[in-house]
**Q** 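Attaching a single structure in structure tokens format; questions to follow.
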Amino acid sequence: MAEVTLKKKVTLRRKEEQAAFTFTGKLKVKLFWGSDTDLDLCLFFKKKDGSNGGVFSNEYRGKKSDLGSLDKFPFMQHLGDNKEPAPGGEETEQINVARLSEIDTAYICIVNYGAAIEGEDVTYAEEGGRVELQSDSGDYLEVLADSSDEGPVYLVCSIHNTDGNYALKNESKVMDLSTAFDEIPGFSLICN
């Protein structure tokens, strides 16, 4: 019998740090956090043709289509804003991705919904958050979401697609709504 081992989990700790990964049809993007705060996982993107989009909770605009689809473009699906406790008592949200061939860059963000609505200055340092990315080839990457900068929107990481070669980059940028609106392609979809 052949010896089988798991690939090592890689944690991108420094801003701008990158890690390549392979992906041929199944990618899980998960947000974990350890507080009672209402955090939302969103994935916005810029397509290779320059257009923008995203998948996020359908509670923002009341459209089921905002969750996306694995069977048609954008070939990614948000599993909904149904927080389910993970092992260890953490909350979790997940987005599954079936294909990224038409995507140039995907932006994985967390929105502190309550703070964004109320205009509160908050940090993510106390939420115990992290984003984990698992590919069908066994790659297991993690980016901590623990910045002490103030703002309701956290651009945690991005996925760059260069001719089918994928890299996860630690962005670690916390911002207010208007900055997110200006800097994250597709973020405008959840704004008035």
**Q** Is the terminal nitrogen or CZ of Lys46 (NZ for Lys, CZ for Arg) located under 6.0 angstrom from the six-membered ring centre of Tyr107 and within 45° of that ring's axis?
**A**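 Lys46 over Tyr107 ring: no.
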**Q** Is there a side-chain contact between Val111 and Leu39 (heavy atoms, below 4.5 Å)?
**A**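 Val111 does not reach Leu39 side chain to side chain.
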**Q** Under 3.5 Å, is there a donor-acceptor pair linking the side chains of Asp40 and Tyr60?
**A**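 Present: a donor and an acceptor within the cut-off.
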**Q** Atom OH of Tyr113 and atom CD1 of Ile190: how far apart are they, to the nearest 0.5 Å?
**A**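 Answer rounded to 0.5 Å: 9.5 Å.
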**Q** Between Phe187 and Phe181 (judged by ring centroids, cut-off 6.0 Å), do the two rings come close enough to count as a pair?
**A**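 When the ring centroids of Phe187 and Phe181 are compared, they turn out to be at least 6.0 Å apart.
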**Q** State the CD1-CD distance between Ile108 and Glu132, to the nearest 0.5 angstrom.
**A**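 Nearest 0.5 Å value for the CD1-CD distance: 12.0 Å.
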**Q** May I have the step-by-step check of side-chain contact (heavy atoms from CB on, under 4.5 Å) for Leu27 and Asn96, ending in yes or no?
**A** CA-CA 6 Å; Leu27 185 68; Asn96 291 335; over 6 Å; no
**Q** Are side-chain N/O atoms of Glu127 and Thr37 paired as donor and acceptor at under 3.5 Å?
**A**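 The criterion, which ignores hydrogens and geometry beyond distance, is satisfied for Thr37 and Glu127.
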**Q** Under a 3.5 Å cutoff, is there a donor and acceptor pairing between the side chains of Asp136 and Thr24?
**A**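 Yes, side-chain donor-acceptor contact under 3.5 Å.
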**Q** Do Val156 and Ser172 make a side-chain contact, defined as non-hydrogen atoms from C-beta onward lying under 4.5 Å apart?
**A**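 A side-chain contact is absent here, since even the closest heavy-atom pair is not under 4.5 Å.
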**Q** Are side-chain heavy atoms of Val29 and Val131 found at a separation under 4.5 Å?
**A**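 Answer yes - side chains close enough.
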**Q** Do you know the tightest heavy-atom contact between Asn58 and Lys63?
**A**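 Heavy atoms of Asn58 and Lys63 come nearest at CB-O, 3.1 Å.
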**Q** Nearest 0.5 angstrom please: Asp149 CG to Asp121 CG, how far?
**A**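 Here the rounded value is 12.0 Å.
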**Q** Inspect the surroundings of CD in Glu126 and state if more than 12 heavy atoms from other residues, nucleotides or ligands are less than 6.0 Å away.
**A**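 Atom CD in Glu126 is not packed in, count stays at 12 or less.
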**Q** So, do Ser158 and Glu171 sit near enough that their side-chain heavy atoms are less than 4.5 Å apart?
**A**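 Yes, at least one pair of side-chain atoms sits under 4.5 Å.
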**Q** In terms of side-chain heavy atoms, does Ser51 have a donor or acceptor partner in Asp49 at a distance below 3.5 Å?
**A**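 A pair is found: one side chain offers a donor N or O, the other an acceptor, under 3.5 Å apart.
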**Q** With side chains defined as the heavy atoms from C-beta onward, is the minimum distance between Leu43 and Cys109 less than 4.5 Å?
**A**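 Side-chain contact under 4.5 Å: no.
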**Q** Calculate, to the nearest 0.5 Å, the distance between atoms CG and CD1 belonging to Asp182 and Ile184 respectively.
**A**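 Between Asp182 CG and Ile184 CD1, I get 10.0 Å after rounding to 0.5 Å.
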**Q** Compare every heavy atom of Met76 with every heavy atom of Leu70, then report the nearest pair and how far apart it is.
**A**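 Looking at all heavy atoms of both residues, the shortest contact is CD2-CA, 3.9 Å.
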**Q** So Phe23 and Phe21, would you call those rings parallel, tilted or perpendicular, with 30° and 60° as cut-offs?
**A**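 Judged by the thresholds at 30° and 60°, the geometry between Phe23 and Phe21 is tilted.
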**Q** Could you check if a side-chain atom of Thr11 sits within less than 4.5 angstrom of a side-chain atom of Leu144, using non-hydrogen atoms only?
**A**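 Yes - at least one pair of side-chain heavy atoms lies under 4.5 Å apart.
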**Q** Taking the side chain as everything from C-beta on, heavy atoms only, tell me whether Val153 gets closer than 4.5 Å to Val174.
**A**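 SC-SC contact between Val153 and Val174 ruled out.
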**Q** Could you grab the distance from atom CD1 of Ile110 to atom OH of Tyr124, nearest 0.5 Å is fine?
**A**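 The OH atom of Tyr124 is 6.0 Å from CD1 of Ile110, to the nearest 0.5 Å.
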**Q** Please name the pair of heavy atoms, one in Leu141 and one in Ala19, separated by the smallest distance, quoted to 0.1 Å.
**A**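 For Leu141 versus Ala19, the nearest heavy atoms are CD2-CB, 4.1 Å.
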**Q** Quick check: closest heavy atoms across Leu100 and Asn161, and the distance to 0.1 Å?
**A**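 In this case the closest contact between Leu100 and Asn161 is O-ND2, 2.9 Å.
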**Q** Say whether Gln77 and Ser69, considering side chains only, have a donor N or O and an acceptor N or O under 3.5 Å apart.
**A**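 Ser69 and Gln77 do not have a side-chain donor-acceptor pair below 3.5 Å.
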**Q** Could you tell me whether Glu142 and Lys9 make a salt bridge, using a distance below 4.0 angstrom between a side-chain N and a carboxylate O?
**A**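 Result for this pair is yes, salt bridge flagged.
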**Q** Quiz question: by atom type and distance under 3.5 Å, do the side chains of Thr179 and Asp176 form a donor-acceptor pair?
**A**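 A donor-acceptor contact under 3.5 Å links the two side chains.
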**Q** Determine, step by step, whether Phe73 and Arg99 satisfy the side-chain contact (heavy atoms from CB on, under 4.5 Å) criterion, reporting the C-alpha distance in whole Å, the side-chain angles of both residues, the deciding distance to 0.1 Å, and the verdict.
**A** CA-CA 9 Å; Phe73 189 81; Arg99 206 163 83 190; over 6 Å; no
**Q** Work out which heavy atom in Gly186 is nearest to a heavy atom in Asn52; give both atom names and the distance.
**A**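 Minimum heavy-atom separation between Gly186 and Asn52: N-CB, 3.5 Å.
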**Q** Is the shortest side-chain N to carboxylate O distance from Lys15 to Glu17 below 4.0 Å?
**A**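 Here Lys15 does not pair with Glu17 in a salt bridge, since their nearest N and O are not under 4.0 Å apart.
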**Q** Between His160 and Thr162, is any side-chain donor less than 3.5 angstrom from a side-chain acceptor?
**A**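 Side-chain D/A pair, His160 to Thr162: absent.
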**Q** Given Leu79, which partner from the list Lys28, Gln94, Lys30, Glu93 fulfils the side chain to side chain contact (heavy atoms under 4.5 Å, CB included) test?
**A**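 For Leu79, the side chain to side chain contact (heavy atoms under 4.5 Å, CB included) test succeeds with only one of Lys28, Gln94, Lys30, Glu93, which is Gln94.
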**Q** To check you understand the geometry: which heavy-atom pair defines the closest contact between Leu189 and Gly54, and what is its length?
**A**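 Closest pair (atom of Leu189, atom of Gly54, distance): CD1-N, 3.7 Å.
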**Q** Centres of the Phe45 and Phe56 rings: under 6.0 Å?
**A**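 Here the rings of Phe56 and Phe45 have centres that are no less than 6.0 Å from each other.
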**Q** Can you tell me if Asp139 and Thr22 form a side-chain donor-acceptor pair at under 3.5 Å?
**A**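 The criterion, which ignores hydrogens and geometry beyond distance, is satisfied for Thr22 and Asp139.
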**Q** Determine whether more than 12 heavy atoms belonging to other residues, nucleotides or ligands lie under 6.0 Å from atom NZ of Lys26.
**A**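 No, not enclosed.
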**Q** Measure the shortest side-chain to side-chain distance between Val55 and Asp66 over non-hydrogen atoms and say whether it is less than 4.5 angstrom.
**A**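 No, too far: nothing below the 4.5 Å cut-off.
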**Q** Salt-bridge test for Glu90 and Arg130: reply yes if a basic N is under 4.0 Å from a carboxylate O, no otherwise.
**A**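 Between Arg130 and Glu90 there is a salt bridge, with a charged N closer than 4.0 Å to a carboxylate O.
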